[in-house]
Amino acid sequence: MIQLYSTLSRRKETFQPIVEGKVGIYVCGMTVYDYCHLGHARVLVAFDVVTRYLRHRGYDVHYVRNITDIDDKILDRARENGEDFRALTDRMIAAMHEDEGALGVLRPSEEPRATETIDEMVAMIETLVEKGHAYQGDNGDVYFAVSSFDGYGKLSRKKLEDLVAGARVDVVEAKASPADFVLWKAAKPGEVSWPSPWGDGRPGWHIECSAMSRSHLGRTFDIHGGGPDLMFPHHENEIAQSECAHEQPFVNYWMHAGAVRVNHEKMSKSLGNFFTIRDILQEHDPEVVRYFLIASHYRSQIDYTPDSLAEAKGALMKFYQALDGIEPETDPAETAYDSRFVEAMDDDFNTVEATAELHALTGELNRARRNGDEAEAARLAGVLKRLGAVLGVLERAPSDFLQGGTGDLTPERIEELIEARSRAKKAKDFAEADRIRDKLLEQGIVLEDSREGTTWRRE
């Protein structure tokens with residue numbers, strides 16, 4: 001059975017879905033005012049692996065990942081750009097889909113937008129007001145009364161009295177308590193708004209996810225995930241407003257991906273080490289970036305460095321070199337590698353141990369190739385492809401990866417230089433042949449000669 005670490009209990013628990021054979025999972029998606037960055041990539045890939053594996057284990061997975069398309073940052077950026085906020089969000093959503101597609105992230109079952117769920121948010125806020133958990137302030141905003149929920153802080157382990165004591169002195173005076181958070185924001189003149197019982201306005205950030213998860217997964221669902229920075233206050237506030245509105249548990253298991261650092265420092269625009277996904281993909285093969293992200297356990301902190309990308313590329317090179325020139329067997333019988341892979345992934349999606357099985361399997365595949373056992377090599381190649389697909393890797397033709405990359409030399413130009421080198425060798429101009437080989441090597445192109453001819457790959 002799958003053992004899943006729940007942030008709520010701070011321990012691994014045996015995963016028991018609400019409905020046998022089905023899994024409902026909600027992951028907080030992007031606030032679409034800018035391009036996705038490396039931290040977003042970590043979350044996107046981590047929960048893509050989780051959903052892929054649950055499906056591999058036979059579960060019918062309903063995966064919901066929302067889009068926040070109305071927010072202060074969105075409105076501020078749209079004003080800066082001199083464009084309608086919808087034009088901005090549509091453009092950023094299209095870019096997000098391009099980025100996740102490049103990283104091999106499968107689209108979720110549903111991807112609701114906040115602006116499409118306003119009525120559900122208003123209805124939930126009305127329920128909270130009726131039950132005494134929310135109130136309208138003098139400024140027209142509607143707030144959640146944190147003190148009305150005894151369980152506040154159970155996810156983040158924060159105490160309400162500490163939050164109140166540590167609040168800034170300039171907190172909004174309209175709040176009954178500094179810890180209270182906004183559910184509905186009264187519209188400023190000229191600002192985009194929707195009608196509500198409390199006047200025109202727009203939803204606060206936290207209520208969005210409570211309403212969208214309720215609409216698509218029900219009042220209680222199996223798994224809620226997100227980035228490490230969302231545990232407090234966002235997820236804590238989701239629990240409070242959802243459990244007060246529905247008077248039943250909100251989520252059974254909470255999952256949080258680990259943080260991303262760059263060269264041992266926190267990723268920050270002020271430090272100049274902030275990278276968008278598309279920045280990174282200009283320099284690195286998308287599958288290399290994906291493998292880098294899954295080579296560490298999803299809960300662990302990872303460090304983005306040139307060495308870590310080189311290690312990821314080296315691992316994929318070994319896999320694809322082992323697969324190169326083989327027609328993998330279709331749907332081979334399960335092996336001990338499958339069993340150990342499942343055992344690793346059943347242990348809180350332990351991709352570290354799972355990828356270790358891919359390496360061990362590759363070693364046996366290479367031995368079969370050296371021994372000339374083509375049938376065994378084809379069988380093992382089929383197993384390697386099958387297990388790789390569960391992690392979203394090794395789904396390309398080996399030549400595509402081995403000869404791909406972002407170098408200046410096109411494949412056509414490389415083939416021209418290989419042909420020129422061949423002519424030089426036939427003419428016994430070995431100095432010219434060596435010059436061409438060395439020129440290619442300087443640009444990361446490795447030539448491999450055999451009786452069948454010369455092939456090439458990128459380092």
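Considering OH of Tyr298 and CZ of Arg42, their distance stands at 10.0 Å, rounded to 0.5 Å. The CD1 atom of Ile70 sits 4.0 Å away from atom CG of Leu75, with the distance rounded to the nearest 0.5 Å. Taking CG from Leu384 and OG1 from Thr362, the interatomic distance works out to 4.5 Å, rounded to the nearest 0.5 Å. With rounding to the nearest 0.5 angstrom, the CG atom of Asp222 is 10.5 Å from the CD atom of Gln16. To the nearest 0.5 angstrom, Met92 atom CE is 11.0 Å from Ile74 atom CD1. Distance check: Ile239 CD1 to Trp254 CH2 gives 4.5 Å after rounding to the nearest 0.5 Å.
Other residues, nucleotides and ligands place more than 12 heavy atoms under 6.0 Å from the CG atom of Asp229. The local environment of CD in Glu334 is sparse, with at most 12 non-hydrogen atoms from other residues, nucleotides or ligands closer than 6.0 Å. Taking a 6.0 Å sphere around NZ of Lys318, one finds it holds 12 or fewer heavy atoms contributed by other residues, nucleotides or ligands. The neighbour count for Glu20 CD, taken as heavy atoms of other residues, nucleotides or ligands under 6.0 Å away, does not exceed 12.
Using a 4.5 Å cut-off on side-chain heavy atoms (C-beta onward), Arg52 and Leu106 make contact. Residues Ser296 and Thr351 fail the side-chain proximity criterion, which asks for heavy atoms closer than 4.5 Å. Counting heavy atoms from C-beta outward, Asp141 and Lys175 have side chains that stay 4.5 Å or more apart. Residues Leu387 and Asp338 form a side-chain contact, since some pair of their non-hydrogen atoms from C-beta on lies under 4.5 Å apart. Between Thr117 and Glu208, every side-chain heavy-atom pair lies at or beyond the 4.5 Å cut-off. Residues Leu361 and Phe341 form no side-chain contact, since every pair of their non-hydrogen atoms from C-beta on lies 4.5 Å or further apart. When side chains are defined from C-beta on, Thr335 counts as touching Arg379, because their heavy atoms get closer than 4.5 Å. Using a 4.5 Å heavy-atom cutoff, the side chains of His206 and Glu236 are not in contact.
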**Request:** Show your reasoning for whether side chain to side chain contact (heavy atoms under 4.5 Å, CB included) applies to Met121 and Trp194.
**Result:** CA-CA 11 Å; Met121 297 177 200; Trp194 289 263; over 6 Å; no
**Request:** Show the numbers, then the answer: is there a salt bridge (charged side-chain N to carboxylate O under 4.0 Å, His left out) between Asp348 and Arg11?
**Result:** CA-CA 10 Å; Asp348 194 33; Arg11 61 182 176 83; over 6 Å; no
**Check against side chain to side chain contact (heavy atoms under 4.5 Å, CB included), Asp34 and Lys73** = CA-CA 9 Å; Asp34 207 342; Lys73 292 179 180 178; over 6 Å; no
**Request:** List the steps, then state whether side chain to side chain contact (heavy atoms under 4.5 Å, CB included) holds for Arg65 with Glu100.
**Result:** CA-CA 13 Å; Arg65 192 185 69 215; Glu100 67 179 353; 2.8 Å; yes
**Request:** With side chain to side chain contact (heavy atoms under 4.5 Å, CB included) as the test, would you mind laying out the steps for Val251 and Leu8 before giving the verdict?
**Result:** CA-CA 10 Å; Val251 174; Leu8 183 63; over 6 Å; no
**Request:** Would you please test Glu343 and Arg340 for salt bridge (charged side-chain N to carboxylate O under 4.0 Å, His left out) and show each step?
**Result:** CA-CA 5 Å; Glu343 182 180 355; Arg340 290 192 293 268; over 6 Å; no
**Prompt:** Could you walk me through whether Asp84 and Arg86 pass the salt bridge (charged side-chain N to carboxylate O under 4.0 Å, His left out) check?
**Reply:** CA-CA 5 Å; Asp84 184 83; Arg86 294 174 185 83; 3.7 Å; yes
**Asked** Would Arg369 and Asp324 count as a salt bridge (charged side-chain N to carboxylate O under 4.0 Å, His left out) if you check the C-alpha gap in whole Å, the side-chain angles of each, and the deciding distance to 0.1 Å?
**Response** CA-CA 11 Å; Arg369 296 192 67 167; Asp324 193 25; over 6 Å; no
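Using a cut-off of 4.0 Å between Lys/Arg side-chain N and Asp/Glu carboxylate O, Asp60 and Lys22 are scored as salt-bridged. Under a 4.0 Å N-O distance rule, the pair Glu287/Arg290 does not qualify as a salt bridge. Using a 4.0 Å cut-off between a side-chain N of Lys or Arg and a carboxylate O of Asp or Glu, Glu98 and Arg278 qualify as a salt bridge. No salt bridge links Lys185 with Glu191; every basic N to acidic carboxylate O contact stays at or beyond 4.0 Å. Electrostatic pairing of Arg77 and Asp71 does not count as a salt bridge here, judged by no charged N lying under 4.0 Å from a carboxylate O.
Each of Phe149, Phe144, Phe232 was evaluated against Phe181; a single residue qualifies, Phe144, per the ring pair (Phe, Tyr, Trp, His ring centres under 6.0 Å) test. Considering Pro112, Pro203, Ser215 in turn, Ser215 is the only one that fulfils the side-chain contact (heavy atoms from CB on, under 4.5 Å) rule with Glu120.
The two residues Glu238 and Ser210 have their closest heavy-atom pair at O-OG, 3.4 Å. What you find for Ser147 and Leu160 is that their closest heavy atoms are CA-CD2, 4.0 Å. Nearest heavy atoms, Tyr143 versus Asp180: CB-CB, 4.3 Å. Residues Leu103 and Ala41 share a closest heavy-atom pair of CD1-CB, 3.9 Å. When every heavy atom of Ser193 is checked against every heavy atom of Ala187, the shortest pair comes out as CB-CB, 3.6 Å. Shown here for Cys244 and Lys131, the closest heavy-atom pair between the two residues is O-CD, 3.6 Å.
For His40 (side chain) and His37 (main-chain N/O), a donor-acceptor pair under 3.5 Å exists by modelled atom type. Under a 3.5 Å cut-off, the side chain of Glu395 and the backbone N or O of Ala389 do not form any donor-acceptor pair. Distance alone, capped at 3.5 Å, is enough to place a donor-acceptor pair between the Arg55 side chain and the Val61 backbone. A donor-acceptor pair is defined here as one N or O able to donate and one able to accept, closer than 3.5 Å; such a pair exists between the side chain of His246 and the backbone of Ser242.
A parallel orientation is assigned to the rings of Phe401 and Tyr320, their planes being inclined by less than 30° (bins at 30° and 60°). Between His256 and His235, the two ring planes are tilted [angle within 30° to 60°]. Taking the six-membered ring where the residue is Trp, Phe15 and Tyr59 present perpendicular rings, their angle passing 60° and hence far from 30°.
Between His359 and Phe319, the distance separating the two ring centers is shorter than 6.0 angstrom. For Tyr304 and Phe292, the gap between ring centers is short of 6.0 Å. Aromatic pair Tyr63/Tyr26: centroids not less than 6.0 angstrom apart.
The side chain to side chain contact (heavy atoms under 4.5 Å, CB included) search around Val142 returns Ile125, Val129, Ala134, Gln136, Leu183, Trp184, Trp198, not counting sequence neighbours. For Ala295, the side chain to side chain contact (heavy atoms under 4.5 Å, CB included) partners at least two apart in sequence or on another chain are Tyr291.
Stacking of Arg299 on the aromatic ring of Tyr5 is recorded, both the 6.0 Å distance cut-off and the 45° axial limit being met.
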